[in-house]
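To start, the structure itself, in C-alpha cells.
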Number of protein chains: 2
Amino acid sequence: MSLQNTLKALSDPIRREILNLLKGGRLSAGEITGHFSVTGAAISRHLSLLREADLIRDTREGKFIFYELNASVLEEIMLWITDLKGANDHAEEE
Amino acid sequence: MSLQNTLKALSDPIRREILNLLKGGRLSAGEITGHFSVTGAAISRHLSLLREADLIRDTREGKFIFYELNASVLEEIMLWITDLKGANDHAEEE
DNA sequence: TTAACATTTAACTTAATCGTTAAATATAAC
DNA sequence: GTTATATTTAACGATTAAGTTAAATGTTAA
C-alpha cells in the first residue's frame with residue numbers, strides 16, 4: 001500500500017514541484033501556495049496527500065504550519081526500480 | 001513531459017505488475033492478460049500506456065504481439081529521486 | 001472577546017481514469 | 001475465401017482526482 005501511495009503522490013506535477021521547493025528547506029503552506037497559480041485550498045489538499053504518503057512532515061508554529069521534505073520513503077521506489085532495471089540490464093547485455 | 005508520463009504509468013498497480021511479469025522475459029498480450037482478472041481490452045489499454053511511456057516495447061510475431069520490458073527510462077526517475085534524497089540526506093546529517 | 005490572519009475542510013463541478021461490452025483489425029488455418 | 005484466434009479500438013458508465021468558492025478551525029493580537 002505504501003509504494004502505491006508514494007507513486008500516486010508523485011504522479012502529479014504540482015506535488016513534485018512542492019517537493020522540489022522543499023529541497024531548499026522548510027516552507028509554510030502560504031509560502032508554498034505563493035509559488036503556484038492555484039488556490040490555497042488546492043495546495044492544502046496536495047500537501048495532505050503528500051503527508052499521507054509520508055513524503056513531507058508538518059509542524060505548526062504559531063499561526064503557520066511549516067512543511068519539510070521527508071525523502072526517506074523514496075528508498076522503496078529506488079529498490080523497486082533497481083530490481084526492475086537489474087532484470088533489464090541483464091537482458092541488454094545479451 | 002517524459003517524467004510525467006513515466007510516473008503516471010507507474011502509478012497503477014496493474015501496470016506495475018505487468019512490468020514485474022516482464023522481468024521474467026517477453027510475453028504475449030494474451031499471456032499477460034492471463035495473469036489478471038480484468039478483460040483483455042483493459043490490459044490492452046494498460047499496455048498502450050506503458051508503451052507510450054516507453055517502459056515496454058512490442059513486436060508482432062504472427063498473430064501474437066510480444067511485449068518486453070524497457071527499464072532504461074526509469075533512469076530519469078532515479079536521477080530525480082537521487083537529487084531529492086540528496087537534499088534530504090544532508091538535512092538529516094545536521 | 002473581537003478582529004485578523006493562516007490554513008484546512010466541505011460542497012460542488014469538471015475532467016480524467018479504469019473497467020465493461022461490442023465492433024474493428026490483423027494474421028493464420030482450414 | 002471463410003472461419004478462428006489474438007489483439008486493439010470505440011462507446012459508454014462508474015469512480016476517482018483536481019480545481020473552485022465558501023465555511024470552519026486554530027492562533028495571534030488589538
Side-chain angles (χ1 to χ4, degrees), chain A residues 1-22 24-70 77, chain B residues 1-22 24-70 77:
Chain A
M1 194 61 205
S2 183
L3 184 64
Q4 176 60 27
N5 280 353
T6 311
L7 285 168
K8 199 78 187 197
L10 293 182
S11 74
D12 181 273
I14 287 190
R15 289 194 288 270
R16 285 199 305 282
E17 184 56 27
I18 290 174
L19 296 180
N20 265 324
L21 286 173
L22 293 177
R26 66 211 293 267
L27 293 172
S28 70
E31 288 171 323
I32 294 170
T33 298
H35 284 85
F36 300 94
S37 52
V38 295
T39 62
I43 295 298
S44 180
R45 228 172 59 75
H46 283 305
L47 289 171
S48 142
L49 287 172
L50 287 169
R51 191 179 345 97
E52 277 167 34
D54 201 28
L55 282 161
I56 58 176
R57 301 273 169 75
D58 64 322
T59 326
R60 178 177 277 274
E61 283 181 25
K63 44 182 185 174
F64 301 96
I65 298 178
F66 285 95
Y67 286 91
E68 67 185 326
L69 191 58
N70 174 38
I77 298 181
Chain B
M1 194 60 201
S2 183
L3 183 65
Q4 176 59 28
N5 279 353
T6 311
L7 285 168
K8 201 79 187 200
L10 293 182
S11 74
D12 182 272
I14 288 189
R15 289 195 288 270
R16 284 199 305 281
E17 185 55 26
I18 289 174
L19 296 181
N20 266 324
L21 287 172
L22 293 177
R26 65 211 294 268
L27 292 172
S28 71
E31 287 170 323
I32 294 169
T33 298
H35 284 85
F36 300 95
S37 52
V38 295
T39 62
I43 295 298
S44 179
R45 229 173 57 75
H46 283 305
L47 289 171
S48 140
L49 286 172
L50 288 169
R51 191 178 346 96
E52 278 167 34
D54 202 28
L55 282 161
I56 57 175
R57 301 272 167 76
D58 65 323
T59 326
R60 177 177 278 275
E61 281 180 26
K63 43 178 185 176
F64 300 95
I65 298 178
F66 285 95
Y67 286 90
E68 66 185 327
L69 190 58
N70 174 38
I77 298 183

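Every chain is numbered from 1, with letters handed out A, B, ... down the list of sequences. Nothing here was measured: the structure is a model prediction, and the numbers come from that model. The analysis underlying the following values was restricted to heavy atoms, covering all of them including side chains, and did not include hydrogens, waters or symmetry mates.
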Does the side chain of [X] get closer than 4.0 angstrom to OP1 or OP2 of [N] through an N or O atom?
X: A:R15; N: D:dA18; value: yes
X: A:S28; N: C:dA6; value: no
X: B:H46; N: C:dT17; value: no
X: A:R45; N: D:dT20; value: no
X: B:Y67; N: D:dT8; value: yes

Rounded to whole Å, how long is the line connecting atom [atom1] of [X] with atom [atom2] of [N]?
X: A:R26; N: C:dA6; atom1: CZ; atom2: C1'; answer: 15 Å
X: B:K63; N: D:dT8; atom1: NZ; atom2: C1'; answer: 16 Å
X: A:I65; N: C:dC5; atom1: CD1; atom2: P; answer: 18 Å
X: A:D58; N: C:dT8; atom1: CG; atom2: C1'; answer: 11 Å
X: A:L50; N: C:dT7; atom1: CG; atom2: P; answer: 16 Å
X: B:F66; N: C:dT27; atom1: CZ; atom2: C1'; answer: 13 Å
X: B:D12; N: C:dT17; atom1: CG; atom2: C1'; answer: 9 Å
X: B:L49; N: C:dA16; atom1: CG; atom2: P; answer: 14 Å

Assuming nearest nucleotide by heavy-atom distance, tell me which of A:V38 and B:A29 is located more 5' along DNA chain D.
B:A29

Out of [options], which nucleotide sits closest to the side chain of [X]?
X: B:T39; options: C:dT20, D:dA17, D:dA6; value: C:dT20
X: A:A41; options: C:dT9, D:dG26, C:dC18; value: C:dT9
X: B:A42; options: C:dT27, C:dG19, C:dT8; value: C:dG19
X: B:R60; options: D:dG19, C:dT27, C:dG19; value: C:dT27

Does some side-chain heavy atom of B:N5 sit less than 4.5 Å from a side-chain heavy atom of B:L49?
no

Does the side chain of A:L10 come within less than 4.5 Å of A:I77's, by heavy atoms?
yes

Which atoms form the tightest heavy-atom contact between A:A9 and A:L55, and what is the distance?
CB-CD1, 3.8 Å

Counting the atoms with a prime plus P, OP1 and OP2 as sugar-phosphate, which does B:I32 contact under 4.0 Å by heavy atoms, base, sugar-phosphate, or nothing?
nothing

Would you indicate what A:S48 reaches in the nucleic acid, counting non-hydrogen atoms under 4.0 angstrom: base, sugar-phosphate, or nothing?
nothing

Option passing side chain to side chain contact (heavy atoms under 4.5 Å, CB included) with B:Y67 (candidates B:L50, B:I32, B:T59):
B:I32

Can you tell me how far the NE2 atom of B:H35 sits from the CD1 atom of B:I14, to the nearest 0.5 Å?
13.0 Å

Mapping A:I43 and A:K8 onto DNA chain C by nearest heavy atom, which one lands closer to the 5' end?
A:I43

Backbone of A:F66 reached by a side-chain donor or acceptor of A:R26 within 3.5 Å
no

